[in-house]
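First the structure, in the form of structure tokens, and then the observations on it.
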Amino acid sequence: MSTEQKPAGCLGVAMKRKEDPRFIQGKGRYVDDISLPGMLYLSLVRSPYPHAEIKAIDIGDAMKVPGVVAVITGKDLEAAGLGWLPTFHGYDKQMVLAIGKVLFQYQEVAAVFAETRAAAADGAEAVQVEYAPLPVVADPFTAKRDETILRPDRDKKTNHIYHWEVGDKDKTARALANSPKKIKERIWFQRCHPAPLEPCGCVAQFDTMGRLQFYVTSQAPHVYRTALALVTGIPEDKIHVVSPDIGGGFGNKVPVYPGYVCAIVGALKIGRPVKWIETRTENLTSTGFARDYHMDVEIGATPDGRVTALHVATTADHGAFDAAADPTKYPAGMFGIVTGSYDFPTAHAEVDAYFTNKAPGGIAYRCSFRVTEASYAIERAMDILADELAIDPAELRRRNFVRKEQFPYPSSLGFTYDSGDYQKTLDVAMEKIGYRELLKEQAEKRARGELMGIGFSTFTEVVGAGPSKVFDILGIKMFDSAEIRIHPTGAGIVRAGTKSQGQGHETTWAQIVGEELGLDPQNIMVEEGDTDTAPYGLGTYASRSTPVAGGAIAMAARRVREKARKVAAHMLEAGEADVEWKDYKFQVKGVPARSVTMKEVAFAAYTNMAQIEPGLEASYYYDPPNMTFPSGAYVAVVDIDRETGEVKVRRFLAVDDCGIIINPLIVEGQIHGGLTEGFAIAFMQEIQYDKEGNNLNTNFTDYLIPTSLETPAWETEKTVTPSPHHPIGAKGVGESPNVGSPAAFVNAVIDALSPLGVRHIDMPITRDKVWRAIHQAEAMTT
Ligand code: CDP
């Protein structure tokens with residue numbers, strides 16, 4: 001039958017992104033592009049105080065501002081039973097608008113609805129709030145003392161939120177006590193913010209049928225639909241959530257924010273659509289921050305550099321509400337990955353979280369739930385140990401790597417790593433960067449008093465939440481889903497429960513379908529983000545899309561293929577068992593000349609069905625058997641100006657292993673983007689608060705975003721160790737560069753400064769911190 005040539009495979013092909021023509025031409029459709037007849041604008045009144053009693057709110061002047069239609073306060077919402085909203089993992093609740101007191105600077109206090117954006121802002125300015133300041137708790141160590149209880153609304157009258165631990169406490173303590181060598185360091189991963197280019201926003205409308213049409217910047221639209229049904233009592237079929245194009249998310253667009261609830265309440269009460277788009281300052285000061293983990297890391301070792309035990313005790317600053325975005329059973333996320341790529345015979349990790357007068361969050365910023373903090377801690381600590389033992393940091397890592405033959409590897413903190421070849425990845429990195437030559441150059445420079453550093457990070461991630469036996473959000477299991485429909489001409493559509501925010505799903509999901517069905521991915525349309533059409537999924541964050549939804553898409557395609565096999569058997573006049581899928585087409589076993597393509601089968605499925613049910617479509621809800629464990633070996637080379645403290649990143653090489661690669665162009669783009677964010681965190685970014693709880697980084701002049709001028713040129717390389725349990729052997733990659741790179745940068749800086757006796761500097765490593773470290777060291781020696 002078919003004389004067509006075998007189509008080339010679609011995996012590993014650097015296809016250009018199908019979505020880019022739309023974005024490059026400015027034709028994306030974002031929430032702020034949506035304008036509905038009669039639409040009102042919402043502006044929020046925010047607190048100037050980090051902790052204060054609200055004595056009175058006077059809305060009289062605001063209501064007189066031309067164009068202002070309504071003002072609501074926390075008391076109004078409380079009366080309607082909507083005063084509080086549950087936080088992501090369900091252990092705490094958050095005020096929608098302040099009730100009785102404010103708990104952080106820029107907290108939402110009142111909502112103003114007006115005919116225009118400007119009138120809403122003017123109205124918010126005119127709301128008079130009388131505050132009586134209260135004592136401020138600006139850090140978790142002060143919070144620990146419980147002198148001021150921040151959340152008297154809770155049963156537990158303490159600022160302590162939770163204690164979480166994993167591993168063998170006693171065995172680890174004994175092993176540490178008996179270890180001939182030990183290091184201990186407090187390592188802080190500073191508070192930072194995802195700062196997506198498009199801030200958060202929504203448009204809420206109740207249509208003529210009384211159904212909520214909710215357009216929103218959400219990374220997880222189905223979870224929003226369920227959460228809104230639970231919070232508002234609106235039946236779930238009367239809620240339609242649409243996430244149109246999203247300008248970056250990085251975890252920031254996972255939580256449900258007070259502005260969304262206010263927009264919905266306004267739309268319901270006033271009977272007109274309401275738009276809320278936050279400003280950059282609102283985004284930086286009140287939406288989900290990331291990190292803020294103070295980690296006391298202790299490693300025991302033998303004199304020849306074999307690790308014997310790891311203990312990490314973390315004090316976490318969660319801000320005013322416990323809105324950390326973690327799966328229900330993991331209050332400290334995947335922090336148990338803190339043993340990293342190393343074969344620790346025993347380990348114990350514990351996290352204690354506290355309330356402070358800061359914005360709530362603790363979201364998974366380009367990170368699989370606290371993996372970035374864990375990776376940074378272990379990769380910094382391994383360098384400190386190498387320094388203590390006077391062993392080359394690459395060699396120390398090599399001596400302790402989980403070996404290739406140990407996989408599947410049960411870590412002492414409970415994960416079963418699926419696959420990896422850490423030694424090979426490090427070898428590729430050392431070869432490509434020219435480590436020997438760099439060491440020689442460094443020795444020469446040191447002899448001349450110049451400061452040059454080489455820093456490694458050989459991290460392991462855990463991504464793809466996750467297996468339903470342990471992972472859920474608000475009780476909903478963390479599977480993902482796909483529906484595939486192939487049209488008569490061999491084109492098709494795949495719908496998934498994920499939501500791209502720049503990752504290129506419109507291209508890679510089509511490639512998976514193309515690979516599994518032998519069809520042209522250019523003609524496979526991908527649709528996400530509409531809860532009326534997409535199957536239920538848990539959304540896109542934490543590099544879970546490829547490990548979970550990617551698996552669902554491959555499995556749904558295989559179901560389509562099984563249906564197609566029946567049609568092919570009928571067309572080939574052969575028994576089904578005699579028909580095999582080979583070289584991207586169906587053929588009679590052993591008779592390649594008798595074959596049909598999927599395109600031909602698709603047409604027959606609608607025109608020549610014999611006794612077979614018409615159509616060619618399938619769906620699959622994929623519950624992954626395990627997480628995937630991507631890894632990498634990163635190397636940074638830096639030069640430091642001794643006079644000014646300026647650090648120049650001369651080279652940066654990232655060797656990543658994310659298993660089978662769907663699209664190398666997209667993966668490289670993901671790595672470039674993540675490295676740029678890791679660079680910014682290492683050298684530029686911190687959401688700082690002063691002792692009075694004032695946020696000092698409220699816009700992009702104080703919270704720095706790297707431009708092409710500062711950003712180093714990235715070098716990339718790969719190794720491929722397939723995931724044995726994933727349908728196409730792929731692991732996630734989006735988070736890896738952001739997870740792995742901060743430690744490489746910091747290790748390189750400390751390596752450069754080590755001849756001066758500098759052992760650790762907390763991020764961000766600004767020029768003045770480096771200058772001070774150099775001058776303090778010089779002062780000690782003169
Ligand atoms: O969950 P998220 O989409 O943020 O992260 P991801 O699963 O790591 O995927 C990021 C992008 O890289 C997607 O377009 C993936 O399909 C693509 N990717 C790939 O081409 N090959 C891999 N092995 C992993 C991801």
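Each ligand, and each atom within it, is numbered from 1 in the order the structure gives.
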query: Under 4.0 Å between a Lys/Arg side-chain N and an Asp/Glu carboxylate O for K731 and D418?
result: yes
Show the distances, to 0.1 Å, for all pairs joining an N/O atom of ligand 1 and a protein N/O atom that are shorter than 3.5 Å, listing one pair per line.
from	atom 1	to	atom 2	distance (Å)
ligand 1	1 (O)	R544	N	3.3
ligand 1	1 (O)	S545	N	3.0
ligand 1	1 (O)	S545	OG	2.8
ligand 1	3 (O)	H505	NE2	2.9
ligand 1	3 (O)	S545	OG	3.2
ligand 1	4 (O)	Q503	NE2	3.0
ligand 1	7 (O)	T546	N	2.9
ligand 1	7 (O)	T546	OG1	2.7
ligand 1	8 (O)	V733	N	2.6
ligand 1	8 (O)	G734	N	2.8
ligand 1	9 (O)	T546	OG1	3.4
ligand 1	14 (O)	Q503	O	2.7
ligand 1	14 (O)	T508	OG1	3.0
ligand 1	16 (O)	T508	OG1	2.9
ligand 1	16 (O)	T546	OG1	3.3
ligand 1	20 (O)	I662	N	3.4
ligand 1	20 (O)	N663	N	3.0
ligand 1	21 (N)	I662	N	3.1
ligand 1	23 (N)	C658	O	3.2
ligand 1	23 (N)	I660	O	2.8
ligand 1	23 (N)	K731	O	3.1

message: Using a 6.0 Å distance limit plus a 45 degree cone around the ring axis, check whether R291 lies over the aromatic ring of F189.
response: yes
- request: Take Y330 and F471, measure what ring-ring contact (aromatic ring centres under 6.0 Å, His included) needs, and give me the verdict at the end.
  value: CA-CA 8 Å; Y330 293 88; F471 289 98; 4.9 Å; yes
- request: Calculate, to the nearest 0.5 Å, the distance between atoms OH and OG1 belonging to Y30 and T217 respectively.
  value: 12.5 Å
- prompt: Does NZ or CZ of R380 come closer than 6.0 Å to the centre of the six-membered ring of Y376, within 45° of the ring's axis?
  reply: no
message: Within 45 degrees of the ring normal and closer than 6.0 Å to the centroid, is that where the cationic atom of R191 sits relative to F289?
response: yes
